[in-house]
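Just below is one structure, and these are the notes that go with it.
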2 protein chains.
Amino acid sequence: MDIQQVAKRANVSTATVSRVLNGFPGVRPKTVDKVQRAVADLNYVPNPNARSLRVGSTRLFGLIVSDVNNQFFPELIDAFEALASAEGIDVIFTHTNYDLKRLHRCVRRMIERSVDAIAIMTSEVEEDSLKQVHKAGIPVVLMNQRRYAAKYPSIPVEYTTGFREALDHLLSLGHRDIGFIAGPQNLNSARGRKDAFRTALRKHGLHVRSEWIAEGDMRVEGGRIAMQKLLEANPRPTAVIATNDMMAVGALQAAHAARVSVPKNLSLIGFDDIPIASLVRPSLSTIRHPRREVAARAFNCLQSALKGEIVNGGPTLHPHLVIRNSTAPPARKSRNACK
Amino acid sequence: MDIQQVAKRANVSTATVSRVLNGFPGVRPKTVDKVQRAVADLNYVPNPNARSLRVGSTRLFGLIVSDVNNQFFPELIDAFEALASAEGIDVIFTHTNYDLKRLHRCVRRMIERSVDAIAIMTSEVEEDSLKQVHKAGIPVVLMNQRRYAAKYPSIPVEYTTGFREALDHLLSLGHRDIGFIAGPQNLNSARGRKDAFRTALRKHGLHVRSEWIAEGDMRVEGGRIAMQKLLEANPRPTAVIATNDMMAVGALQAAHAARVSVPKNLSLIGFDDIPIASLVRPSLSTIRHPRREVAARAFNCLQSALKGEIVNGGPTLHPHLVIRNSTAPPARKSRNACK
DNA sequence: CTGAAAGCGCTTACAG
DNA sequence: CTGAAAGCGCTTACAG
């Protein structure tokens, strides 16, 4: 079933059919009618490959995320996909599992599929992959990769504000001994969050004690193990902030297993505000990451780039603290962390 | 950058380049070498649209699910995508949000994109959409849609065993008054699960009391509301089974809010065993749905169909009970639900 | 073992 | 307002 048969049935040329199909102006209403009827009668669906081959655009976007099992990403995917769908654009998506080697392969696949544009919404990014995309002449947008923001548009998400709010909250409750569950330091976003934590801490004249910092893999299990370590510290922190909610949830599990009551004996704050954060017990105080906004920005950014506009990531987004039930005043009088 | 330039650089015809690229046998090693070098030098990437146009296959599969925010589906997507990726197949995916109208549009998009095959892994399906796919000559596979299994391959997942195990477990703990949180009865999977619950109950000579059955929207919020209703029943059930874990989690929240302690004063069992089930407190006893197995079956099914084989969904999969901490003996002596 | 050439199904300048 | 025809970049019978 091709455009020729439609043309024949409607007694017009394929050029005219194409014009009608694409809604070009300047076709007689009667002709439009004839063609539309023929299309309907034959149940004709245009071949997108032929179109793409001719036009050079696939109306296909690529979306790469870190981890589908972290609820942060399905929401981002959902938002991105909805916008694309509204514009008649389909999305192929892959995830890297926080693995840069996989990123490289993902990018490669997208290029081979000749997508029109790629959104790389991962925690970390690596220059080779970006160069590859650049060489292929495909617009790309990143999420909060300040390091590459000069060369590639990147939606900027600032972490300091959120951490400052979290810290202010903890301090106002009376905490002084504050621990941190970091993410793998080869991930840009994990590094950024750790830096933001440190900055916020120093601003209040608090020192960062290395035994109060543990590292996890961004997943629940990593958070659990990290918290076990923090609980062994002596003295141990009265409050802990985790780099993301997945790890905060794991931390909560570990505290529970160790019979440390949250928030009575330990306050806990996460980051992201994924749905699970409000479902665990106690519900998690967390720093809300505006991921739908990020997705929308990313999508619009790519659209603009395709129109030939010069784009950047736009104004910086600021996550804010959401207070729930995992934070409370410290049980005993807090010791001062600064010697 | 096209195959001609590669051909020119390698001093061969485009036919030969194509043969090398596709790994056809019977090309002289030296020639293969020349071509490969030219490909590498020019950083050549074949145009998949041209290939698809010529060959008539896109190496693109469509995957439709119900809800990305139910962790059940990201895992299924992940498994499906991994298999596809290993075969050099890309996946475009959409979700219906449990809405049949959206299913229709999703299917339409997939057809327009001329995917090679479609996996419709939703809770419910509707004949019009299936007919559309059928007319387009595209292989399709469903998830547990017995009603359509005669016409379209459907991966069969049986619910009765799981519910029987759940019920046996509750009965052995001493429960007789068992409530149920159903899903919307226009969803096939929700109907199936409710039927399975009823069947299991009758088998034990227990009656189904209508005030012990509430309906929710498959999401956390729906489970919460449904549980509120069940808690108002008098007498109220001592144990509740929910159609899926998302609703079970909501039910847990509602119980907690009403100061009904789980499992001390109320036992609760979910269905699916999504990651969150083991992360809430108490961790949920639930019936584990083998979704990765479903995804693998679905993928293989589509592959076989494309080879022209006659396919069916294969042997029935049986979800089994996983016992955690949300079930315990009833607090008081259980009353008998049968008058 | 390799090449010349047709053709997949569209779109789009060009001509009228 | 509409049509004839070229061409997008591949693959693949066919011929040698």
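From a predicted model like this one, the values you see are computed outputs, not experimental measurements.
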**Contact check, side chains of A:N144 and A:S189, non-hydrogen atoms, under 4.5 Å** = no

**Request:** Sugar-phosphate means primed atoms, P, OP1 and OP2; the rest is base. With that split, encode nucleotides 6-16 of chain C 5' to 3' as B, S or - using protein heavy atoms under 4.0 Å.
**Result:** BBBBBBBB---

**Item:** salt_bridge(A:E127, A:R147) N-O dist < 4.0 Å
**Value:** no

**Message:** Using the rule given for side-chain contact (heavy atoms from CB on, under 4.5 Å), can you reason through B:R108 versus B:I111, listing the C-alpha separation, both sets of side-chain angles and the distance that settles it, and then say yes or no?
**Reply:** CA-CA 5 Å; B:R108 174 95 199 155; B:I111 294 174; 5.9 Å; no

**Message:** For B:F93 and A:F93, take the angle between the two ring planes, folded into 0 to 90°, and tell me which bin it lands in: parallel under 30, tilted 30 to 60, perpendicular over 60.
**Reply:** tilted

**Request:** Applying ring-ring contact (aromatic ring centres under 6.0 Å, His included), name anything that partners B:F299, two or more places apart in sequence or on another chain.
**Result:** B:F61, B:F80

Would you be so kind as to tabulate the donor-acceptor pairs closer than 3.5 Å made by side chains of residues 34-42 of chain A, with sequence neighbours excluded?
residue : atom : partner : partner atom : Å
A:R37   : NH2  : A:D33   : OD2          : 2.8
A:D41   : OD2  : A:R9    : NH2          : 3.1

**All ring-ring contact (aromatic ring centres under 6.0 Å, His included) counterparts of B:H95, not counting sequence neighbours** = none

**Asked** Which residues within residues 28-38 of chain A lie with some heavy atom under 4.0 Å of an atom in DNA chain D?
**Response** A:R28, A:T31

**Item:** Whole-angstrom distance between C:dT12 and C:dG16, as gauged at atom C1'
**Value:** 16 Å

**Asked** Going by atom types only, do A:N300 and A:R297 share a side-chain donor-acceptor pair under 3.5 Å?
**Response** no

**Prompt:** When Watson-Crick pairs (N1 to N3 and N6-O4 or O6-N4) and G-U wobble pairs (N1-O2 and O6-N3) count only below 3.5 Å on both distances, what is the dot-bracket string of DNA chain D, with | for other-strand pairs?
**Reply:** |||.||||||||.|||

**Asked** Quick one: CE on A:M121 to CG on A:L142, what's the gap to the nearest 0.5 Å?
**Response** 6.5 Å

**Request:** Scan side-chain atoms only and decide if B:R109 and A:S85 contain a donor-acceptor pair under the 3.5 Å cut-off.
**Result:** yes

